[in-house]
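The structure under discussion appears below in the form of structure tokens.
Atom set for the values below is all heavy atoms of this structure, side chains included, hydrogens, waters and symmetry mates excluded.
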Amino acid sequence: MAEVSGIVVDWGGVLTRSFADGIAAWADADGVDAEEFHAALGRVLGPDAVPGPAARQFHLVERGELPVADFEATLATLVRRRDGTPPAAEGLVDRMFAPFTDEPAMADLLRVLRGAGLKVALLSNSWGHTYDRRGWDALFDAVVISCEVGLRKPEPEIFRHTARLLDRPLDACVLIDDLGRNVRAARALGMAGVHHRTPRETALALAPLLPPAGRRAVEEHLSGVPSGP
């Protein structure tokens with residue numbers, strides 16, 4: 001594998017608070033049982049899920065092939081509020097992702113990587129929610145949102161597309177993602193992969209993959225970061 005000079009990073013759960021924490025905050029605000037929501041997602045999208053119309057709607061909205069309002073109507077049927085009623089479908093996706101606040105430690109790491117001369121791309125599967133893009137110009141050389149390009153992770157072409165935007169071969173890129181299936185798909189194409197859990201763990205896993213200047217920059221960055229999560 002070539003030295004990594006292209007960083008491809010996920011949004012939700014990597015550049016933001018964890019998926020579980022974000023969903024918990026939304027569920028509390030919308031009166032939804034978070035555990036039931038995760039169970040519903042597992043039934044539709046989990047490793048043991050049987051392909052069907054509901055799963056197809058997730059794939060279609062991620063590619064931008066389904067109106068968000070239609071997807072929200074499906075999403076609202078998957079869970080119930082604590083009083084037994086479905087959550088309001090209109091605006092559901094934006095309400096769901098509103099609590100996904102930025103993770104400053106990851107933004108700091110990306111600034112360090114760009115400062116060391118590496119190229120950085122955002123690669124996010126989207127359910128049509130509104131992103132707060134303030135500051136993105138300072139963090140990313142390229143931005144790839146699934147519904148804007150008609151492709152979704154883990155489809156191979158979305159990784160190839162992102163690498164082309166960075167002007168890097170696939171084997172000089174690393175994907176940082178909180179979903180193992182996306183990391184495995186990237187590795188199958190020859191990319192490096194880091195399964196994100198915490199900013200510090202990701203930085204430690206990333207450093208050995210980088211050229212000397214990037215490795216030194218990450219090590220210096222870590223020397224000033226507390227050892228906790």
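- Residue-environment remark: CG (Asp94) exceeds the threshold of 12 foreign heavy atoms within 6.0 Å.
- A single hydrophobic cluster is not seen to contain both Val112 and Val174; linkage of ILVMFWY side chains at heavy-atom distances under 4.5 Å, directly or through other members, places them apart.
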Working for side chain to side chain contact (heavy atoms under 4.5 Å, CB included), residues Arg160 and Leu189
CA-CA 9 Å; Arg160 297 188 183 106; Leu189 293 173; 3.7 Å; yes
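- Using a distance-only test at 3.5 Å, with no hydrogens or angles considered, a donor-acceptor pair links the side chain of Thr162 to the main chain of Ile158.
- When ring centroids are compared, Trp26 and Phe37 come within the 6.0 Å threshold.
- Hydrophobic clustering of Ile, Leu, Val, Met, Phe, Trp and Tyr side chains at less than 4.5 Å, counting indirect connections, keeps Leu179 apart from Ile145.
- Within the 3.5 Å criterion, the main-chain N or O of Arg81 finds no donor-acceptor partner in the side chain of Thr85.
- Rounding to the nearest 0.5 Å places CH2 of Trp11 at 6.5 Å from CZ of Phe100.
- Within the 3.5 Å criterion, the main-chain N or O of Val120 finds a donor-acceptor partner in the side chain of Asp141.
- Taking CG of Asp171 as the start and CE of Met191 as the end, the distance is 10.0 Å to the nearest 0.5 Å.
- With sequence neighbours left out, Phe140 forms a ring-ring contact (aromatic ring centres under 6.0 Å, His included) with Trp136.
- A distance of 5.0 Å separates CD1 in Ile7 from CG in Leu113, rounded to the nearest 0.5 Å.
- No hydrogens or angles considered: a donor-acceptor pair under 3.5 Å links the side chains of Thr198 and Glu201.
- Hydrophobic clustering of Ile, Leu, Val, Met, Phe, Trp and Tyr side chains at less than 4.5 Å, counting indirect connections, unites Tyr131 with Phe71.
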Is there a salt bridge (charged side-chain N to carboxylate O under 4.0 Å, His left out) between Arg17 and Asp102 once you walk through the steps?
CA-CA 6 Å; Arg17 68 196 301 182; Asp102 293 342; over 6 Å; no
Yes or no on side chain to side chain contact (heavy atoms under 4.5 Å, CB included) for Val14 and Glu103, after CA distance, side-chain angles and deciding distance?
CA-CA 8 Å; Val14 178; Glu103 170 51 78; over 6 Å; no
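- Counting only distance, with no hydrogens or angles, the side chain of Glu72 and the backbone of Val93 share a donor-acceptor pair below 3.5 Å.
- Checking side-chain atoms of Thr202 against main-chain N and O of Pro199 turns up no donor-acceptor pair under 3.5 Å.
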Checking Arg43 against Glu36 for the salt bridge (charged side-chain N to carboxylate O under 4.0 Å, His left out) test, could you report, in this order, the C-alpha distance in whole Å, the side-chain angles of both residues, the deciding distance, and whether it holds?
CA-CA 10 Å; Arg43 290 192 296 270; Glu36 169 55 26; 3.0 Å; yes
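- Within 6.0 Å of CD in Glu35 there are 12 or fewer heavy atoms belonging to other residues, nucleotides or ligands.
- The environment of CZ in Arg164 is crowded: more than 12 heavy-atom neighbours from other residues, nucleotides or ligands sit within 6.0 Å.
- Proximity of a side-chain donor or acceptor of Lys153 to a complementary backbone N or O of Val183 within less than 3.5 Å is not detected.
- Closest non-hydrogen pair, Ala116 versus Ala213, comes out as CB-O, 4.0 Å.
- Under the 3.5 Å distance criterion, the side-chain polar atoms of Arg63 are left unmatched by any main-chain donor or acceptor of Arg152.
- Looking at Thr74 and Gln57, their side chains do bring a donor and an acceptor atom within 3.5 Å of each other.
- The OG atom of Ser124 sits 9.0 Å away from atom CD of Glu62, with the distance rounded to the nearest 0.5 Å.
- Distance check: His221 NE2 to Glu219 CD gives 12.0 Å after rounding to the nearest 0.5 Å.
- Both Leu78 and Trp127 sit in one connected hydrophobic cluster of ILVMFWY residues. Membership requires side-chain heavy atoms under 4.5 Å apart, directly or through other members.
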Give the C-alpha distance, both sets of side-chain angles, the deciding distance and a yes or no for salt bridge (charged side-chain N to carboxylate O under 4.0 Å, His left out) between Asp30 and Arg95.
CA-CA 8 Å; Asp30 242 18; Arg95 293 200 311 277; 3.0 Å; yes
After noting the C-alpha distance and the side-chain angles of Asp178 and Arg197, does the key distance pass the salt bridge (charged side-chain N to carboxylate O under 4.0 Å, His left out) rule?
CA-CA 7 Å; Asp178 64 328; Arg197 292 178 177 82; over 6 Å; no
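- Under the 4.5 Å side-chain contact rule for hydrophobic residues, Val4 and Leu109 share a cluster.
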Stepwise, does the side chain to side chain contact (heavy atoms under 4.5 Å, CB included) test hold for Leu209 with Val194?
CA-CA 10 Å; Leu209 305 174; Val194 172; 4.3 Å; yes
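- In this structure, CZ in Arg133 is found 8.5 Å from CG in Leu122, a value given to the nearest 0.5 Å.
- The nearest pair of heavy atoms linking Ala107 to Leu139 is O-CD2, 3.7 Å.
- The number of heavy atoms from other shown groups lying within 6.0 Å of CD (Glu157) is above 12.
- The two residues His196 and Ile176 come nearest to each other via the heavy atoms CB-CG2, 4.0 Å.
- Contact detail for Val44 and Ala54: the closest heavy-atom pair is CG1-C, 3.9 Å.
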